[in-house]
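Data first, discussion second: the structure below is written as structure tokens.
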Amino acid sequence: MIYLWFSLIIVFIIIIFVIVNKATIKRNNIENAYSSMDIMLKKRYDLIPNLVKTIKAYIKHEQETFKNITELREKGINSQTNEEKFNINNMINNELNSIFMLSENYPELKSNIHFIQLQTILNDIEDQISAARRTYNAHVTDYNIFIKIIPINIITFILGYKKYPLFEAKEEEKKLKNWMNENE
């Protein structure tokens with residue numbers, strides 16, 4: 001009888017180790033995917049000063065838009081949590097949308113080679129952010145489902161595993177993407 005209890009305890013411990021290891025692997029996949037997305041966001045942050053400088057030469061009276069996007073870029077670079085970065089990303093998309101819509105009123109800007117190059121680079125970065133977001137969200141969904149499966153959810157709850165937030169595209173980002181595709 002003692003051997004039966006001992007065997008059950010060993011099996012239970014092995015099951016816990018398997019669950020913890022699997023959850024850890026899934027969490028590491030999320031962190032890796034987030035890191036890739038973060039790199040793309042930093043590329044976009046680095047592109048913003050060039051874009052603003054190019055557009056400023058043509059659009060003198062839109063200083064508020066430039067101030068907003070510059071402040072958001074700084075906040076994005078200094079943000080600490082995923083949710084902060086996601087929210088700032090959405091605000092930056094709003095401002096970029098405004099900037100590109102403004103270029104419609106300035107045909108000389110819209111035809112400027114440097115502006116076109118920056119727009120192309122930004123479009124490529126947006127595509128990479130979108131791909132990184134899909135990868136991140138796939139890993140988050142996989143992890144969130146795993147930690148909620150019965151009976152795994154009991155162990156993950158006891159060990160303090162929490163759900164990760166998804167990184168969702170807002171309507172403004174979709175508008176920006178559509179505008180950039182139309183104007184390539």
Apply side-chain contact (heavy atoms from CB on, under 4.5 Å) to [X] and list each qualifying residue two or more places apart in sequence or on a separate chain.
X	answer
Leu8	Leu4, Trp5
Ser35	Ile39
Ile25	Asn29

Could you tell me which non-hydrogen atom of [X] sits nearest to which non-hydrogen atom of [Y], and how far apart they are?
X	Y	result
Ile88	Ser79	CD1-CB, 4.0 Å
Leu159	Val20	CD1-CG2, 3.3 Å
Lys26	Asp142	NZ-OD2, 2.6 Å

Listed once per pair and sorted, the salt bridge (charged side-chain N to carboxylate O under 4.0 Å, His left out) pairs that draw on [range], sequence neighbours left out:
range	answer
residues 29-39	Asp38-Lys42, Asp38-Lys85
residues 5-24	none
residues 146-167	none

Can you check whether Leu47 reaches Lys43 side chain to side chain, under 4.5 Å on heavy atoms? no

Arg27 and His139, any side-chain heavy atoms less than 4.5 Å apart: no

Hydrophobic cluster mates of [X], side-chain heavy atoms under 4.5 angstrom, ILVMFWY only, any path?
X	result
Ile14	Phe6, Ile10, Val18
Phe157	none
Tyr3	none
Phe17	Ile9, Ile13

Name all residues meeting the ring-ring contact (aromatic ring centres under 6.0 Å, His included) criterion together with Tyr143; count only those two or more places apart in sequence or in a different chain, and write none if there are none. Tyr164

Sorted by chain and residue number, the side-chain hydrogen bond (donor to acceptor under 3.5 Å, both in side chains) partners of Asn153 (sequence neighbours excluded) come out as none

